Amino acid sequence: MTTTDGTAASRSYVGRSITGAYRAGVWRLEQPNDPCQTSVGRRGQDEQMVPDGPIKVVACRVDRNERLPARVEHGREQARDLAEKLNAVNTEPGGNTCHEIDTGDRSRFRLIFSYEDGPPAWVQIMSNCRPSMSNGLLQGDAGDVVRNRVVRLAPTP
């Protein structure tokens, strides 16, 4: 979905938050019940995969057969280490493009990076796609080092 005021547009859908702000008279970004489902991005994700300063990361293993993805939360050190690895990947503008390839591995991961203030940043990794990594604004191919690190942080299937 797209949010627009008629002049500027964003791929982040904030309709529920805008409706809530209108009704309450106060702006609060509505958070989903499941942190793995967040779709709002963070300022700076058009410049790097994960903006600086995350304080934690939730690693979600997304299985299309489960309603709620399995997830594991990690602290500041793991969040910053993983963000550094993701930001080292060569990226280009683009979002969520998947040219499916047969790798035998259909693993899908969603990484949600939280910050002291403001919305989270998310990154999706799909093992059977090229490019395999996207944050909705940038995309690139996560190499073996990045994929192996994500697999180690994510819950086991």
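Quick caveat: nothing in here was measured; it's all calculated off a predicted structure.
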Fill in the blank from the handout: The salt bridge (Lys or Arg N to Asp or Glu O under 4.0 Å) partners of Glu116 (sequence neighbours excluded) come to Arg76
Completion exercise
d(Lys85 NZ, Arg80 CZ) to nearest 0.5 Å is 14.5 Å
Problem - CD on Gln124 to OG on Ser134, rounded to 0.5 Å - result: 7.0 Å
Practice task
Drop me the distance from Met49's CE to Thr91's OG1, to the nearest 0.5 angstrom.
Solution key: 5.5 Å
Residues 148-157 side chain polar contacts: donor-acceptor under 3.5 Å, at least two apart:
unit_1, atom_1, unit_2, atom_2, d
Asn148, ND2, Asp144, O, 3.1
Arg149, NE, Asp81, OD2, 2.9
Arg149, NH2, Asp81, OD2, 3.1

Problem - Taking every non-hydrogen atom, the tightest pair across Phe109 and Ser127 - result: CE1-OG, 4.4 Å
Exercise for the section: Would you mind reporting whether Val72 and Val58 have side-chain heavy atoms less than 4.5 Å apart? Expected result: no
Exercise for the section: Mind checking the OG-CZ spacing from Ser132 to Arg147? Nearest 0.5 Å is all I need. Expected result: 5.5 Å
Practice task
Check the side chains of Asp52 and Gln48 for a donor-acceptor pair under 3.5 angstrom, ignoring hydrogens and angles.
Solution key: yes
Handout entry: Flag, side chain of Arg61 to backbone of Arg71, donor-acceptor distance under 3.5 Å
Key = no
Practice task
Look only at the side chain of Asn87 and the backbone of Val50, and say whether a donor-acceptor pair between them is shorter than 3.5 Å.
Solution key: yes
Handout entry: Approximate separation, where rounding is to 0.5 Å, of Leu86 CG and Asn135 CG
Key = 9.5 Å
Handout entry: Atom of Gly140, atom of Pro131 and distance for their closest heavy-atom approach
Key = O-CB, 3.5 Å
Handout entry: Contact summary for Ile112 and Pro120, nearest pair of heavy atoms
Key = CG2-CB, 3.8 Å
Practice task
Look only at the side chain of Tyr115 and the backbone of Pro51, and say whether a donor-acceptor pair between them is shorter than 3.5 Å.
Solution key: yes
Handout entry: Asp46: partners by side chain to side chain contact (heavy atoms under 4.5 Å, CB included), with sequence neighbours left out
Key = Leu137
Handout entry: Nearest-0.5 Å distance, CG of residue Leu82 to CZ of residue Phe113
Key = 4.0 Å
Practice task
Measure the shortest side-chain to side-chain distance between Lys56 and Glu73 over non-hydrogen atoms and say whether it is less than 4.5 angstrom.
Solution key: yes
Practice task
Measure the shortest side-chain to side-chain distance between Met133 and Asp141 over non-hydrogen atoms and say whether it is less than 4.5 angstrom.
Solution key: no
